[in-house]
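First the structure, in the form of structure tokens, and then the observations on it.
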Amino acid sequence: MSTALPPLRHFELDDADPTLLAGRRVAILGYGNQGRAHALNLRDSGVEVVVGLREGSRRREQAARDGFVVKGLAEAATGAFIVMVLVPDEVHGEVYREQIEPVMSGDSHLAFAHGFSMAFGLVTPPPQQSTLLVAPKGQGDKLREAFLAGGGLPGLIGVQGPDPGESLKVALAYARACGALAGGGLLSSFREEAVTDLFGEQVVLCGGMVELITAAWETLVGRGYSPEGAYFECLHEVKIIADLIHQRGVDGMREGISTTAAYGGLKAAPRIITEETRRTMEGMLDEIESGDFARAFLAEQERGSPWLESMKQNERDHPMQKTGRRLRDFLRRCQLDGGTQDGSRRE
Ligand code: NAD
Ligand code: MG
């Protein structure tokens, strides 16, 4: 692998001009996890926000209670300077075609918080359409929490359209106002954000790591070790190492653990992640890049997610989850019992 680093393509708060959004309206379509956080943060940044929701959406009441003007999707998008699409990725295509495209004007910007629908052809705006990607790297409630604490989450920023420079200015102003720049902004693209996001969640975060934990737990328990002990070592302690890696990088983590753990870990690594595993990763990346994964996911959604639901049920029924529920309860109780009323620890 090459060791030469390309220049960091990054943005800070001062790179955004907040006056770009002054006196302009932003339509937030969808009021779920991301939608609510974007809408509240934008409003607190002084931006005029209108929320767009389907007729009969349960979220209408919540958005109105939060003090927003709530309209239908097309009605909200009409005349907005930025139309931020925060409905689930799998419906971006129909919402764009039916509600947004017919009302977009030449000087308005279409925006997304994830590159999926643009990268895999669900949404294909005309070449003259300025399209923005502002992808906060975290859930909506975390975005709101960080914003209220005076900061924000990191965000990936991308643009597409006839005047990328102008689109980037608008994307940065939006990112700043919604709290996705104070944590640092990195230049990306719809495709890069979508592919790397899917690859990361499949291979590491929600796929590989989870199966590694489960298989390790099953191995220990299969040999008669206690389910609680196995849970503690193979799952509970993941957070300790993840925090260390997050703060110091892998090499810094290695310096912060015991010599036994450092030696054992380095010896084990290539036996667990073998050449075959690496080939499998390549194959998965091929499936993501070619759009095969996106097509399979959308087909599953079409069918009403029977496979996903049954897999989630199997996971809930797995004995490791039962062990986890019991152990987490126990640990929580001990923590409560171990603290005095003013929150300090008992000796
Ligand atoms: P969500 O499911 O929490 O909310 C979706 C909203 O869309 C709700 O208001 C829902 O009522 C509405 N909606 C659902 N189906 C609809 C339909 N057919 N037509 C119109 N409206 C419909 O979704 P979310 O997690 O906030 O995701 C929104 C976008 O943000 C997605 O592109 C997602 O990839 C992106 N994103 C999510 C996260 C996250 O952590 N959840 C992080 C970054 C980016
Ligand atoms: Mg993801």
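In each ligand, atom 1 is the first atom listed, and ligand 1 is the first ligand listed. Sequential numbering from 1 along the given sequence is applied to the chain's residues.
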Between Thr274 and Thr277, do the side chains contain an N or O donor and an N or O acceptor separated by less than 3.5 Å?
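A pair is found: one side chain offers a donor N or O, the other an acceptor, under 3.5 Å apart.
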Is the closest side-chain donor-acceptor distance between Gln62 and Arg65 under 3.5 Å?
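No donor-acceptor contact under 3.5 Å links the two side chains.
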Identify, for [atom], the protein heavy atom at the shortest distance, and state residue, atom and that distance.
atom                    : value
atom 44 (C) of ligand 1 : Ala113 O, 3.3 Å
atom 11 (O) of ligand 1 : Arg59 CG, 3.6 Å
atom 36 (N) of ligand 1 : Gln34 CG, 3.5 Å
atom 28 (C) of ligand 1 : Leu86 O, 3.5 Å
atom 4 (O) of ligand 1  : Gly32 CA, 3.3 Å

Please could you name the atoms of ligand 1 that [X] approaches to less than 4.0 Å, counting only its heavy atoms?
X      : result
Val91  : 17 (C), 18 (N)
Asp89  : 31 (C), 32 (O), 33 (C), 34 (O)
His92  : 32 (O)
Tyr31  : 6 (C), 8 (C), 9 (O)
Gly30  : 6 (C), 7 (O), 9 (O)
Gln139 : 40 (O)

Please assess Phe330 against Leu327 for the test side-chain contact (heavy atoms from CB on, under 4.5 Å), listing each intermediate value before the final yes or no.
CA-CA 5 Å; Phe330 168 72; Leu327 190 64; 4.3 Å; yes
To make sure I understand the geometry: which N, O or S atom in Glu201 is closest to the Mg ion (ligand 2)?
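Sorting the N, O and S atoms of Glu201 by distance to the Mg ion (ligand 2) puts OE1 first.
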Using a heavy-atom cut-off of under 4.0 Å, does the side chain or the backbone of [X] touch ligand 1, or both, or neither?
X     : value
Val87 : both
Arg58 : neither
Arg54 : side chain

Does ligand 1 have any atom that is closer than 4.0 Å to a heavy atom of [X]?
X      : result
Gln99  : no
Ser117 : no
Pro136 : yes
Leu53  : yes

Any chance you could lay out the side-chain contact (heavy atoms from CB on, under 4.5 Å) test for Val123 and Ile100, step after step, and finish with the verdict?
CA-CA 11 Å; Val123 175; Ile100 306 174; over 6 Å; no
Return a yes/no value: protein heavy atom under 4.0 Å from atom 23 (O) of ligand 1?
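No, there is none.
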Option of least heavy-atom distance to atom 12 (C) of ligand 1 (set: Pro88, Gly56, Ser57):
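The nearest heavy atom belongs to Pro88.
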Between Val134, Asp197, Asn33, which one has a non-hydrogen atom sitting closest to atom 1 (P) of ligand 1?
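Nearest option to atom 1 (P) of ligand 1, by heavy atoms: Asn33.
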Nearest 0.5 angstrom please: [X] [atom1] to [Y] [atom2], how far?
X      : Y      : atom1 : atom2 : result
Glu101 : Leu110 : CD    : CG    : 9.5 Å
Leu244 : Ile257 : CG    : CD1   : 8.0 Å
Thr196 : Glu201 : OG1   : CD    : 9.5 Å

Do the rings of Phe232 and His236 sit parallel, tilted or perpendicular, given the 30° and 60° boundaries?
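Rings of Phe232 and His236: parallel, as their planes differ by under 30°.
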For Tyr31 and Phe68, take the angle between the two ring planes, folded into 0 to 90°, and tell me which bin it lands in: parallel under 30, tilted 30 to 60, perpendicular over 60.
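Taking Phe68 first and then Tyr31, their aromatic rings stand perpendicular (interplane angle over 60°).
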Let me know which of Gln34, Glu193, His92 forms a side-chain hydrogen bond (donor to acceptor under 3.5 Å, both in side chains) with His114.
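By the side-chain hydrogen bond (donor to acceptor under 3.5 Å, both in side chains) criterion, His114 pairs with just one of Gln34, Glu193, His92: Glu193.
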For Arg271, does the CZ atom have more than 12 heavy-atom neighbours from other residues, nucleotides or ligands under 6.0 Å away?
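No.
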Any nitrogen or oxygen of Glu94 lying under 3.5 Å from a nitrogen or oxygen in ligand 1? Just yes or no.
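No; every N/O pair is 3.5 Å or more apart.
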Would you say ligand 1 has an N or O under 3.5 Å from any N or O of His114?
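Between His114 and ligand 1, no N or O pair is found under 3.5 Å apart.
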Derivation of the side-chain contact (heavy atoms from CB on, under 4.5 Å) call for Asp17 and Lys169:
CA-CA 7 Å; Asp17 174 7; Lys169 282 187 198 159; over 6 Å; no
Is any NZ, NE, NH1 or NH2 atom of the basic residue among Asp141 and Arg144 found under 4.0 Å from an Asp or Glu carboxylate oxygen of the other?
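Arg144 and Asp141: not salt-bridged.
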Any Lys/Arg nitrogen of Arg295 or Asp292 sitting under 4.0 Å from an Asp/Glu carboxylate oxygen of the other?
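Salt bridge present between Arg295 and Asp292.
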